[in-house]
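What follows is one structure encoded as C-alpha cells, with my remarks underneath.
The structure presented is a predicted model; accordingly, all values stated were derived computationally and were not measured. Each chain gets a letter, A, B and so on, in the order its sequence line appears, and its residues count up from 1.
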Amino acid sequence: MKRSKISVLLKSKPSAETVLIKGWVRTRRDSKGFSFIEINDGSCRENMQVIAGQELENYADILRLSTGSAAAVTGRLVASQGQGQAWEVQATGVEIISIAPDAYPLQKKRHSDEFLRGIAHLRPRTNKYGAAFRIRSELSYAIHRFFKERGFTYIHTPIITASDCEGAGEMFRVTTLNPDNIPKAGRSVDYSLDFFGRQANLTVSGQLEAELFALALGDVYTFGPTFRAENSNTRRHAAEFWMVEPEMAFCDLAGDMALGEEMVKYLVAYVMDECCSDLDLFARFVDKNLMATLENIASSDFVRLPYREAVDILSSATEKFDYEVGFGKDLQSEHEHYLTERHFKKPVIVYDYPATIKPFYMRVNSDGETVAAMDVLVPSIGEIIGGSQREERIDVLEARMDEAGLLRENYWWYLDSRRFGSVPHSGFGLGFERLIMLITGISNIRDVIPFPRTPGSIEF
RNA sequence: UCCCCAGUAGCUCAGUCGGUAGAGCAGAUGGCUGUUAACCAUCGGGUCCGUGGUUCGAGUCCGCGCUGGGGAGCCA
C-alpha cells in the first residue's frame, strides 16, 4: 500500500478506509488494553493519533515505542471518539521501524531555543522548527509565484565572483592555493597562480549581474545565497543567508518602493492564507501580537518618508537617543525602532538618503547631495529591504566610482551597460531570513535557517 | 569588535548571609484510566563550565579562560 501523508488524511472525508502512515512517535499514552500513539510525519504540524489494541501480535513491542521512534502504521481512518482531534487511525498493524533510545534529546516538553541550536540536526523534529521550515519553504514558493505573476524572469547570478561589490561587507575568499605555501609576486600573493587566475570571493550581492539582465530581459529577479564575512554577532545577522533581488528596467524609485511594499504584503498575506496551522503555533507560543502585526502589515499603507523628514521627526522627538541625529548621519537601530514601533506604528520606507552614506551605483538626485535610495523598515526587525534607482548616466557613475576609489577597469562590463542602451532602472534586496522572522515572530536569525553559519559556528 | 548577563541532574530551573545539592519534567518499576504536555506511587540520577585564588569551609566571593545569550556597530 502507498503511504499517505498525514496532512492529506486530515483534510479527507470520513470513509473508514484502510490507510498506511509512516512517521515518528511524538508521544505515547497507554490505556487498559490499548495504547494511544501520536505519529508525526512532518507533512504538517498535527500528529495522527493511532489506537493500537492489545490484540496486535507485537503489542508488547509497541509499548516500547518511545518519543522519537519511527513506525509504520496500517489501519482504518475513523472519526475520533476523543476530544482534541477529528481523526484517528485504528491500527491493524504497527511496524516498528526503529526505536529511539532514552538518550534521544528531544522530550515531549518545551525546550529552549539555545538548547535546540546545539542539536540543529534534530530540531526540525520539534513542532516549532518543523513549522518554521515548512513556512520557509512556502515563502520560497510564494516569492517565485509573486514574480511569475508579474512577468519577471528568474536569473541565477554567480556565487563565486571577482568583483568586490562596492564593499557591501567583508568577503570570503575563494582559492585553491595552499595556505601553507602561498606563491608570492614580490610581497603580495600571486593570484595568477590561483584557480581563476585572479582573486575570487563568494558573492555579497547578485545586484550588478542582475542589472545586466534587467537591461536585456526587462524585469528580473535573483533568489539565492549570499555571503558576508563580517564579524557580526547579533540576532539579525548570519554569514550565509538568502536574498531576493528584483531589478527592473524603465523603473524609477517610486516604482521600486511600490514593488517592495506590494511584495512584503503579498508574502505576508500568502502565509496567512496558506500556512494557518503552522502560523497559529507562532501566534500562540512565540509572539502573542503576531496576527495583529501581520494584519497591520497586510492592510496598512507603508509610510513614504524622505530621509530629511525622518531626521526632522527624530530631532524633535522627546525620546533620548544614544546616537545623534543629523543630515549625513545614517539612521541607527534605535532610530529605526522609534519610527516603526512608536511614531508611525507600521512599516516605513525612508528614501532620498545623503549620497555620502550610500554606495556608488545609486542614482544622484537633482539636488546633487542625495541619492534615490530607499530602505523598508519594519517593526522589531528594522531594515528588511534596501534598494535604489540605479545611476544610468555613465559620466555621473564614473565620477562616483572615482570618488569611492573603485577602478573603472574592474567594472568595464558594468559600465558597458551604461554605454550601450542605458535606461533608468531600479531594484532592491530583501533579506529572506528577516522576512521569515517578521512573519513568524522568531527573534533570532539562527532559528529560521536550517544550519546557520555565524562567526565561530559551523558545526552542522 | 565593544558593553552587559548567564553556565547547577538528560531538559527547564531554584539554591537565602559563604556552612557541604533541590523541584518539576524526562527515565526505570508498579498502578489506574478513550487518553491527549495523561494521572498516582516508588526508585535511580550531579566534574555545580574549566582553572587559579581568598577562607576553617566556595554552587555562592575574586582573577583568568571557554561556551551560550542580549544590546551596539556593520548590514539584509
Side-chain angles (χ1 to χ4, degrees), chain A residues 26-39 46-53 64 66-68 78-85 88 90 100-119 126-127 165-170 204-207 223 225-245 260 285 321-323 330-337 357-359 375-378 381-387 428-438 443-449 454-457 459:
Chain A
R26 281 294 167 77
T27 180
R28 201 194 74 242
R29 296 176 293 271
D30 302 325
S31 194
K32 197 179 193 77
F34 57 98
S35 184
F36 299 95
I37 311 166
E38 298 243 6
I39 299 278
E46 291 79 8
N47 304 325
M48 179 64 82
Q49 176 164 284
V50 171
I51 314 297
R64 301 206 338 270
S66 51
T67 299
V78 298
S80 177
Q81 298 172 30
Q83 306 292 309
Q85 63 281 316
E88 64 190 18
Q90 294 278 356
D102 320 340
Y104 184 61
L106 294 174
Q107 300 171 4
K108 47 187 179 189
K109 55 167 262 188
R110 197 183 172 285
H111 291 288
S112 69
D113 292 325
E114 290 84 358
F115 171 71
L116 292 170
R117 260 170 235 153
I119 50 170
T126 64
N127 291 334
C165 193
E166 40 62 48
E170 290 295 312
V204 292
S205 166
Q207 180 201 316
F223 181 21
T226 306
F227 307 88
R228 304 276 168 90
E230 285 292 331
N231 188 17
S232 293
N233 294 283
T234 81
R235 60 185 184 83
R236 304 183 307 279
H237 292 86
E240 178 180 317
F241 63 99
W242 283 56
M243 193 152 62
V244 181
E245 296 180 286
F285 300 118
F321 296 117
D322 292 334
Y323 287 83
D330 216 344
L331 299 184
Q332 304 294 321
S333 291
E334 58 179 353
H335 305 140
E336 297 177 355
H337 285 135
I357 57 172
K358 289 295 182 182
D375 286 349
V376 179
L377 311 177
V378 294
I381 312 290
E383 183 180 345
I384 194 167
I385 284 178
F428 62 78
L430 175 142
F432 186 50
E433 282 76 14
R434 290 189 181 175
L435 177 75
I436 302 171
M437 291 168 71
L438 176 71
S443 57
N444 195 311
I445 197 168
R446 301 176 187 94
D447 298 333
V448 299
I449 304 179
T454 53
S457 175
E459 179 68 18

[X]: what forms a side chain to side chain donor-acceptor pair (under 3.5 Å) with it, not counting sequence neighbours?
{"X": "A:Gln85", "answer": "A:Ser80"}
{"X": "A:Thr27", "answer": "A:Lys108"}
{"X": "A:Gln49", "answer": "A:Arg29, A:Glu88"}

How is A:Ile385 classified with respect to the nucleic acid when contacts are heavy atoms under 4.0 Å: base, sugar-phosphate, or nothing?
->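 A:Ile385: backbone/sugar contact only, no base atoms under 4.0 Å.
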Select base, sugar-phosphate, or nothing to describe what A:Gln90 touches, counting heavy atoms under 4.0 Å on all strands.
->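 Base, at least one base heavy atom under 4.0 Å.
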Its contact letters, B for base, S for sugar-phosphate only and - for none at protein heavy atoms under 4.0 Å, make nucleotides 65-70 of chain B read ---SSS
In Watson-Crick or G-U wobble terms, both distances under 3.5 Å, what is the partner of [N]?
{"N": "B:C64", "answer": "B:G50"}
{"N": "B:C74", "answer": "none"}
{"N": "B:G44", "answer": "none"}
{"N": "B:A38", "answer": "none"}

Side chain of A:Asn231: nearest nucleotide among B:U1, B:G34, B:C74?
->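 Comparing B:U1, B:G34, B:C74 against the side chain of A:Asn231, the answer is B:U1.
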Go through B:C75, B:U33, B:U35 for me and flag the one nearest to the A:His237 side chain.
->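 The nucleotide sitting nearest to the side chain is B:C75.
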Measure all distances between protein nitrogen or oxygen atoms and nitrogen or oxygen atoms of nucleotides 38-42 of chain B, and list the pairs falling under 3.5 Å.
| unit_1 | atom_1 | unit_2 | atom_2 | d |
| --- | --- | --- | --- | --- |
| B:A38 | OP1 | A:Thr27 | OG1 | 3.4 |
| B:A38 | OP1 | A:Lys108 | NZ | 3.1 |
| B:A38 | OP2 | A:Arg29 | NH1 | 3.0 |

Quick one: list whatever passes salt bridge (charged side-chain N to carboxylate O under 4.0 Å, His left out) with [X], sequence neighbours left out.
{"X": "A:Arg117", "result": "A:Asp447"}
{"X": "A:Arg235", "result": "none"}
{"X": "A:Asp375", "result": "A:Lys358"}
{"X": "A:Arg26", "result": "none"}

Between A:Ser333 and B:G71, does any side-chain N or O lie under 4.0 Å from OP1 or OP2?
->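 So the side-chain polar atoms of A:Ser333 never come under 4.0 Å of the phosphate oxygens OP1 or OP2 of B:G71.
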Does A:Gln85 place a side-chain N or O at less than 4.0 Å from the phosphate oxygens OP1/OP2 of B:U36?
->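 False: A:Gln85 side-chain N/O out of range (4.0 Å or more) of B:U36 OP1/OP2.
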Polar side-chain atom of A:Glu433 near backbone of A:Trp242 as donor-acceptor pair, under 3.5 Å =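 Here the side-chain-to-backbone pair exists.
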Ignoring hydrogens and geometry, is there a side-chain-to-backbone donor-acceptor pair from A:Ser35 to A:Ala52 under 3.5 Å?
->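 Flag not set: sc A:Ser35 to bb A:Ala52 has no pair under 3.5 Å.
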Side chain to side chain contact (heavy atoms under 4.5 Å, CB included) against A:Ser457, all qualifying residues, sequence neighbours excluded =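 A:Thr454.
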Applying side chain to side chain contact (heavy atoms under 4.5 Å, CB included), name anything that partners A:Tyr323, two or more places apart in sequence or on another chain.
->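 A:Tyr323: side chain to side chain contact (heavy atoms under 4.5 Å, CB included) contacts with A:Gln332, A:Glu334, A:His335.
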Pull out every protein N or O sitting under 3.5 Å from an N or O of nucleotides 28-31 of chain B, one pair per line with the distance.
none

Go through the N and O atoms of the side chain of A:Ser232 and the base of B:C75, and report whether any donor-acceptor pair is under 3.5 Å.
->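 When only heavy-atom distances are counted, A:Ser232 does not reach the base of B:C75 through any donor-acceptor pair under 3.5 Å.
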N/O donor-acceptor pair, side chain A:His111 with base B:C11, under 3.5 angstrom |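 By the distance-only test, no, there is no pair.
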